[in-house]
Each structure stands twice: as C-alpha cells, then as structure tokens.
Amino acid sequence: MQPTLDIPILDDLDAPKQVSVTHQGKRQVYLETYGCQMNVSDSEIVASVLRENGYGLTQDEHEADIVLINTCAIRENAEQKVRRRLGELRARKMKDNPDLKLGVLGCMAERLREKLLDQEKLVDLVVGPDAYRDLPNLLGAAEDTGQAAVNVQLSREETYADIAPVRYDTNGVSAFVSIMRGCDNMCSFCVVPFTRGRERSRPVASILDECKSLVDNGYKEVTVLGQNVNSYRDGQNGSTVDFAELLYRISLLSPDLRIRYSTSHPKDCSDALLHVHAERANVCNYIHLPVQHGNTDMLQRMKRTYSREQYLDLVERARKIVPGISLSTDIIAGFCDETEEEHRDTLSLMELVRYDHAYMFMYSERPDTYAARKYTDNVPEDVKKRRLQEIIELQTRVSLEGNRAEIGAEHVVLVEGPSRRSDAQLSGRTDTNKMAVFDRMDFVKGEYVRIKVTDCTSATLIAEPIGRA
Ligand code: SAH
Ligand code: SF4
Ligand code: F3S
C-alpha cells in the first residue's frame with residue numbers, strides 16, 4: 001500500500017514559515033523560519049526585538065534590506081535545505097544587491113558558529129538562539145563596519161520571559177507560548193542539547209500573563225512549547241510549580257481557551273499530568289509522546305531512559321486515566337546497529353499502541369552527538385529507507401483505520417480557516433488533534449463547531465457541521 005500524499009512524513013517540519021504581519025521601519029527585514037515550533041516561536045521573539053528597535057518586517061524578500069534565516073540542524077537534510085537557500089540568496093546579493101545583509105539564526109548558527117562564515121561566504125550575521133536580544137547591536141555593527149557579526153553565546157537564564165512576541169500566525173485563533181528552553185536529556189542521536197543549551201524554565205507568572213493576554217485578545221488555543229515540557233519547574237517564591245500544575249493554572253484562565261503542548265518526554269509524564277487531562281475539559285485529549293523506537297536495547301543505546309515495557313505501561317495508564325486520549329509519536333528508523341529483529345519491535349509497538357499520527361524519520365548522524373562519537377552509522381541507506389517505508393505504511397494503515405472508526409462520531413472542532421482545497425469548506429482540529437473539513441455554512445474562524453464525521457482519508461476527517469458548540 002502506498003502512503004497517501006497528505007500524511008505528513010519526514011521533513012514537513014522543515015518547510016519554511018514566514019511572518020504574516022508586516023510593518024515599515026528604518027530597514028526592512030525578511031525573516032524565514034525552518035525547523036520545529038520552538039523555532040517559529042523564537043522568530044516571534046526576533047520579530048518583536050526588531051520591531052522595538054525600529055526595524056520593519058516584510059513578506060517580500062525582494063524589498064528586504066536584511067534577510068534572516070532561522071535554521072534547523074536536526075537532520076542533515078534540514079541543513080542542506082538551508083544551505084541551498086543561502087546559496088540562492090548569496091547569488092542574488094552578488095548580482096543585484098551588494099548591500100543586502102544576510103543573517104543565519106538558530107540551531108545551525110549555534111552548531112556551526114564561526115565555521116558558517118567560511119562555509120557560507122557573504123553571511124553577515126551569525127546569531128544563536130539565546131542571543132536574539134543582541135540582534136540590533138549585531139546588525140548595527142555589521143552595517144557600520146561591513147564585517148560579519150557573531151553572537152552564539154548560550155545562556156543558563158535567558159527565557160525571553162519579558163518579550164511580548166509578534167504573533168506569527170495572525171489567524172488570531174491559536175498561538176504558541178514558549179515555557180522553557182534548552183534540553184538536558186542528551187539522547188544519543190540528538191543535536192538539540194548542543195544547539196539549545198541547558199534546560200531552563202520561564203517563570204510561571206509571565207507564562208500566565210501571556211496566556212491571559214491571548215485570551216483577552218480573542219485567541220482560542222495555545223500550544224505550550226518546550227523541548228521537554230514535562231521537566232518544567234518554576235521553583236521561585238518558596239513553592240515549586242511543575243508542568244501538571246502549570247497546565248492546570250493555564251486551564252483556569254478561560255473555559256474557551258483550548259490548551260495543547262509539545263513535546264513531552266515519556267520518562268517523566270506523570271499521573272498528575274494525566275489527571276489534569278482527565279479533569280480539565282479545555283486541556284486537549286491529546287499527547288505527543290515520542291517513543292523513537294520499540295526495542296529496549298535500542299532505547300538504551302538512544303539514551304531514552306525508558307524501556308519498551310515502561311513505555312507501553314505509560315500508554316496503558318494514559319488510556320485508563322484519560323479514556324479516548326489520542327496519541328502521536330516520533331520514530332527513528334535505522335539507528336546505529338539496528339537489526340531486523342529490533343526494527344520489527346518498532347513495528348510491533350506501533351501495532352500495539354495504534355498511534356493516531358506519527359512523524360517518522362531516517363536516522364541522520366549529527367556531529368558531536370554521543371552516537372557520532374561512540375557508535376557507527378552502519379545501517380545501509382537502502383535498508384534505512386526500506387525500514388522507514390515499512391513504518392510509514394503501517395502508520396498510514398493504522399491512521400486510516402482509526403479515522404474510519406470515527407465515521408458517525410461527533411466532535412467539537414475549533415475553526416482555523418478555509419480548508420486547503422476549497423474556500424467553500426472550513427478546516428479545524430478536534431480536541432484529539434485530528435484535522436476535519438466541512439462545509440462553511442455561516443461559521444467563521446475562531447468558532448467552536450460541532451461536527452459529525454461522514455468520511456475520511458488517513459490524514460483528514462470529512463464531516464458535516466451540526467451547529468455552534
Ligand atoms: N524534544 C523532542 C524532540 C525534538 S526533535 C522530544 O524529545 O520528543 C524531533 C524529532 O526529530 C525527535 O523526536 C526525533 O524523532 C527526530 N530526530 C532527532 N534527532 C534525529 C536524528 N539525528 N536523525 C533522525 N531523526 C532525529
Ligand atoms: Fe533531543 Fe532527546 Fe532533548 Fe528531545 S529530549 S530534544 S530528542 S535530546
Ligand atoms: Fe531543529 Fe533546533 Fe528545533 S535543531 S527541530 S529548530 S530545536
């Protein structure tokens with residue numbers, strides 16, 4: 001069976017995103033973002049810092065004086081995509097606009113640091129994810145001296161807590177709220193601890209203030225972000241607020257505000273957190289719970305700190321405490337020394353859990369990681385590809401079966417806007433994070449609408465609207 005085209009696979013995370021707001025300033029900046037939701041959220045901080053300092057934002061790269069690319073380093077092909085893009089921009093700078101300033105922000109800036117200046121000649125600015133407050137100075141320096149400006153200092157404290165982000169997605173319905181930065185987990189395959197630095201949590205009061213102001217401005221959904229939200233901890237003022245408590249407090253702000261989060265590491269997904277899902281109607285019935293692999297030895301080599309059995313046990317507890325909870329995952333195929341039998345354990349775990357959705361990747365070795373230093377990337381490319389294909393086919397089937405089982409069921413969706421295929425239809429997500437499309441009628445974005453599922457694909461529910469919810 002061929003995977004359908006509309007199931008997000010591989011690097012859909014790496015498609016560039018753009019600010020949808022524009023304004024005039026002393027110099028116009030075009031900002032393009034690759035990578036995960038954290039990077040999108042960071043670009044909102046970058047936009048805010050620039051605006052505060054008199055810079056304008058444009059959606060037209062041809063009218064920009066400054067082009068900034070917020071980059072991702074998670075897999076080799078994510079970096080290649082950025083390098084191709086930088087190549088294009090460099091060619092334009094040489095040919096049409098020698099005054100154009102080119103900047104690399106984010107995870108590639110952090111990973112490659114000064115090396116970027118040699119590898120990507122004509123880059124004027126290299127700025128790591130903890131140095132965005134310094135952007136106006138760096139830009140000023142690059143413009144005044146004509147020399148490249150670099151700040152890749154990582155911080156143990158920076159959370160940008162006091163910076164009100166320029167909302168990237170001006171649909172006015174859903175927003176990202178970043179609650180922590182960095183990661184201390186050191187999974188052996190992963191570059192993030194190197195590009196994002198040590199884990200630190202943003203103070204609870206500033207998170208609640210930001211969510212409250214979103215509610216006051218009519219937002220209906222927040223996605224709370226961190227590389228590992230479950231280890232959120234704000235220990236100030238004598239008492240400690242953990243992630244379950246934080247989520248609970250956000251959920252009290254307004255019954256009309258739906259709350260999602262990403263990403264939660266299975267090792268510290270607590271029963272208290274599951275109970276918040278069960279008790280609070282506006283905390284969505286959905287957890288992204290990346291397993292990475294289905295075999296305990298592999299999980300150990302990956303340094304994930306849980307076994308297959310512990311993970312399955314957690315899934316069982318989640319389903320018991322929160323009936324009907326929807327689960328999604330991330331899976332890596334072809335990690336170092338993976339045998340055929342170990343690969344089959346991933347497939348069997350997927351059959352057991354029956355995820356609603358999965359992001360599936362081929363292992364890509366990242367320099368400096370534990371795996372790069374201690375293991376050998378020894379699964380041949382064609383074997384990796386075939387294993388990934390098997391994983392995708394299985395997930396496509398399971399997703400389709402899961403969606404078929406929804407036919408006849410009713411859900412409440414939050415309308416996000418017109419569907420991708422037709423203006424006569426709207427799209428919105430169920431509480432369980434499934435995308436549904438249905439006739440527009442007189443509904444508008446930002447409304448909660450009750451729908452009944454009539455048909456589906458592996459990635460979308462097709463529904464008829466019943467009425468406002
Ligand atoms: N903090 C998140 C993951 C962020 S990276 C978490 O721990 O869940 C998103 C996903 O990219 C990971 O879950 C993993 O599946 C994948 N990934 C990370 N490093 C990778 C690598 N070197 N090769 C292939 N996939 C990788
Ligand atoms: Fe990477 Fe692991 Fe941290 Fe996730 S938890 S960002 S996979 S090191
Ligand atoms: Fe990529 Fe950095 Fe996110 S490496 S996935 S942009 S944290």
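Whatever order the structure lists ligands and atoms in, that order sets their numbers, starting from 1.
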Could you tell me which atoms of ligand 3, counted from 1 in the order shown, lie closer than 4.0 angstrom to a heavy atom of [X]?
{"X": "Cys107", "result": "2 (Fe), 4 (S), 6 (S), 7 (S)"}
{"X": "Cys72", "result": "1 (Fe), 4 (S), 5 (S), 6 (S)"}
{"X": "Asn39", "result": "6 (S)"}
{"X": "Cys36", "result": "3 (Fe), 5 (S), 6 (S), 7 (S)"}

Part of Pro290 within contact of ligand 2 (heavy atoms, under 4.0 Å):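 Contact part for Pro290 vs ligand 2: neither.
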
Val192 and ligand 2 - part of the residue with a heavy-atom distance under 4.0 Å: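 Looking at Val192 and ligand 2, just side chain atoms fall under 4.0 Å.
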
Ring-face cation contact, Tyr34 with Lys81, 6.0 Å cut, 45° max: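 Judged by the rule (NZ or CZ under 6.0 Å from the ring centre, within 45° of its axis), Lys81 is not positioned above Tyr34.
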
Lys NZ or Arg CZ of Arg301 over Phe335 ring: under 6.0 Å, within 45°: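 No; the conditions do not both hold, so Arg301 does not lie above the ring face of Phe335.
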
So with a 6.0 Å cut-off around [atom1] of [X], is the heavy-atom count from everything else above 12?
{"X": "Gln119", "atom1": "CD", "answer": "yes"}
{"X": "Arg386", "atom1": "CZ", "answer": "yes"}
{"X": "Tyr306", "atom1": "OH", "answer": "yes"}
{"X": "Glu341", "atom1": "CD", "answer": "no"}
{"X": "Gln153", "atom1": "CD", "answer": "no"}

Contact with ligand 2 for Lys303, non-hydrogen, under 4.0 angstrom: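 Per 4.0 Å heavy-atom rule, Lys303 does not contact ligand 2.
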
For atom 5 (S) of ligand 2, the protein heavy atom that lies nearest, with its residue and separation: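 So the nearest neighbour among protein heavy atoms is Asn185 ND2, 3.3 Å.
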
For atom 2 (Fe) of ligand 2, the protein heavy atom that lies nearest, with its residue and separation: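 The protein heavy atom lying closest is Cys187 SG, 2.3 Å.
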
Nitrogen or oxygen atoms of Ile331 and ligand 1 under 3.5 Å apart: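 N/O-N/O distance under 3.5 Å: no.
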
Heteroatom distance test (Asp330, ligand 1): nitrogen or oxygen, under 3.5 angstrom: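 Yes, since at least one N or O of Asp330 sits under 3.5 Å from an N or O of ligand 1.
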
Worked verdict on Asp431 versus Arg258 for salt bridge (Lys or Arg N to Asp or Glu O under 4.0 Å): CA-CA 8 Å; Asp431 183 43; Arg258 281 208 312 202; 5.1 Å; no

With [atom] as the reference point, say which of [options] has the nearest heavy atom.
{"atom": "atom 15 (O) of ligand 1", "options": "Gln292, Lys267, Arg304", "value": "Gln292"}
{"atom": "atom 2 (C) of ligand 1", "options": "Gln227, Arg366, Glu76, Arg75", "value": "Gln227"}
{"atom": "atom 21 (C) of ligand 1", "options": "Ser364, Ala371, Ala78", "value": "Ser364"}

Under 4.0 Å, counting heavy atoms only: does [X] come that close to any atom of ligand 3?
{"X": "Met38", "value": "no"}
{"X": "Gln227", "value": "yes"}
{"X": "Gly106", "value": "no"}

Region of Ile74 engaging ligand 1 - heavy atom pairs below 4.0 Å: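 Answer for Ile74: both.
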
Proximity to ligand 1 by part of Phe361, non-hydrogen separation under 4.0 Å: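 Under 4.0 Å from ligand 1, Phe361 contributes side-chain atoms alone.
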
Out of all atoms in ligand 2, which are within 4.0 Å of some heavy atom of [X]? Include the element for each.
{"X": "Met186", "value": "8 (S)"}
{"X": "His265", "value": "5 (S)"}
{"X": "Pro193", "value": "8 (S)"}
{"X": "Gln227", "value": "6 (S)"}

Any [X] heavy atom less than 4.0 Å from ligand 1:
{"X": "Val192", "result": "no"}
{"X": "His293", "result": "no"}
{"X": "His265", "result": "no"}
{"X": "Met362", "result": "yes"}

Asp65 and Lys101 ion-paired at < 4.0 Å: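 Lys101 and Asp65: not salt-bridged.
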
Salt bridge Asp297-Arg308, side-chain N to carboxylate O under 4.0 Å: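 Salt bridge absent between Asp297 and Arg308.
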
Pair His277 and Tyr261, ring centroids less than 6.0 Å apart: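 They qualify: ring centres under 6.0 Å apart.
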
Near-ring test Tyr370/Phe189, centroid separation under 6.0 angstrom: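 Centroid distance Phe189-Tyr370: not below 6.0 Å, so no.
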
Mutual orientation of the aromatic rings belonging to Tyr359 and His357 [parallel < 30°, tilted 30-60°, perpendicular > 60°]: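 Perpendicular.
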
Aromatic plane relationship, Tyr311 with Tyr355 - under 30° parallel, 30 to 60° tilted, over 60° perpendicular: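 Tilted, since the angle between the ring planes falls between 30° and 60°.
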
N/O/S from Cys183 sitting under 2.8 Å away from atom 2 (Fe) of ligand 2: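 False for Cys183.
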
Trace of the salt bridge (Lys or Arg N to Asp or Glu O under 4.0 Å) decision for Arg75 with Glu365: CA-CA 7 Å; Arg75 283 168 291 275; Glu365 184 178 89; over 6 Å; no

Ile332: numbered ligand 1 atoms lying under 4.0 Å from its heavy atoms: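 It comes down to these atoms of ligand 1: 14 (C), 15 (O), 17 (N), 25 (N), 26 (C).
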
Enumerated ligand 1 atoms positioned under 4.0 Å from heavy atoms of Pro290: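 Under 4.0 Å from Pro290, ligand 1 has these atoms: 8 (O).
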
Student check: side-chain heavy atoms of Asn230 and Lys267 closer than 4.5 Å: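 When only atoms from C-beta onward are counted, Lys267 and Asn230 do not touch, as no gap falls below 4.5 Å.
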
Any side-chain heavy-atom pair of Ile207 and Val177 under 4.5 Å: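 Answer yes - side chains close enough.
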
Atom 1 (Fe) of ligand 2 to nearest N/O/S of Cys190 less than 2.8 Å: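 Given the 2.8 Å cut-off, Cys190 counts as a ligand of atom 1 (Fe) of ligand 2.
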
Flag for Ser174-Glu416: side-chain donor and acceptor within less than 3.5 Å: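 Note: Glu416 and Ser174 side chains miss the donor-acceptor criterion.
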
